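Report on the following structure.
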Amino acid sequence: MSDMADKWIKVGPVAQFESGMHTVAVGRQRVVVAKLKGRLFAFDAFCPHVQGPMERAEIEGAIISCPLHAWRFDLENGGCELHGYRGIATYSVRVDEGLVFLALR
Ligand code: FES
């Protein structure tokens, strides 16, 4: 794990992500953090189709639907798209001492 220590980026206190969708800036990248089905997920803030704002996605369990053309991404399966289109990038989330960390690739 020590070789991975450098890649974890702190995004805020865990209480901040208890409900709703939250876009955080990590360097030049924007990532949405959301607690769905009791678990924190992190995914690109922009849809891989034509950049729909995923912070406004509809939520059904751990499936998020883009507000523009309804591509649906299953966060429990790596962000794959349910119709077979391109999936959304997801990121590992870790909670440590009340703080949320993301691992960007
Ligand atoms: S921009 Fe997301 S489905 Fe079209």
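Counting convention: from 1, in listed order, for ligands and their atoms alike. Throughout, residue positions are numbered sequentially from 1 according to the sequence presented. No experiment lies behind these values; they were computed from the predicted model shown. Note: hydrogens, waters and symmetry copies are ignored here, and every other heavy atom, side chains too, is used.
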*In Å and rounded to the nearest 0.5 Å, what is the CH2 to SG distance from Trp71 to Cys47?*
6.0 Å

*Does Asp96 reach the side chain of Phe101, with side-chain heavy atoms less than 4.5 Å apart?*
yes

*Could you please tell me which protein N, O or S atoms lie under 2.8 Å from atom 2 (Fe) of ligand 1?*
Cys47 SG, Cys66 SG

_So Met54 and Phe46, do their side chains get closer than 4.5 Å, heavy atoms only?_
no

Output a table of donor-acceptor pairs, distance under 3.5 Å, between side-chain atoms of residues 72-82 and any protein atom two or more places apart or on a different chain; print 'none' if there are none.
residue : atom : partner : partner atom : Å
Arg72   : NH2  : Glu60   : OE1          : 3.0
Asp74   : OD1  : Glu76   : N            : 3.0
Asp74   : OD2  : Asn77   : ND2          : 2.7
Glu76   : OE1  : Lys37   : NZ           : 3.2
Glu81   : OE1  : His83   : N            : 2.6
Glu81   : OE1  : His83   : ND1          : 3.3
Glu81   : OE1  : Gly84   : N            : 3.2
Glu81   : OE1  : Tyr85   : N            : 3.2
Glu81   : OE2  : Arg72   : N            : 2.7
Glu81   : OE2  : His83   : ND1          : 2.7

*asked:* Checking Tyr91 now: which residues fulfil side-chain contact (heavy atoms from CB on, under 4.5 Å) with it, not counting sequence neighbours?
replied: Gln29, Val31, Ala42, Asp44, Ala89, Leu104, Arg105

*Quick one: side-chain contact (heavy atoms from CB on, under 4.5 Å) partners of Leu40, sequence neighbours excluded?*
Val14, Phe17, Val33, Lys35, Val93, Val95, Val100

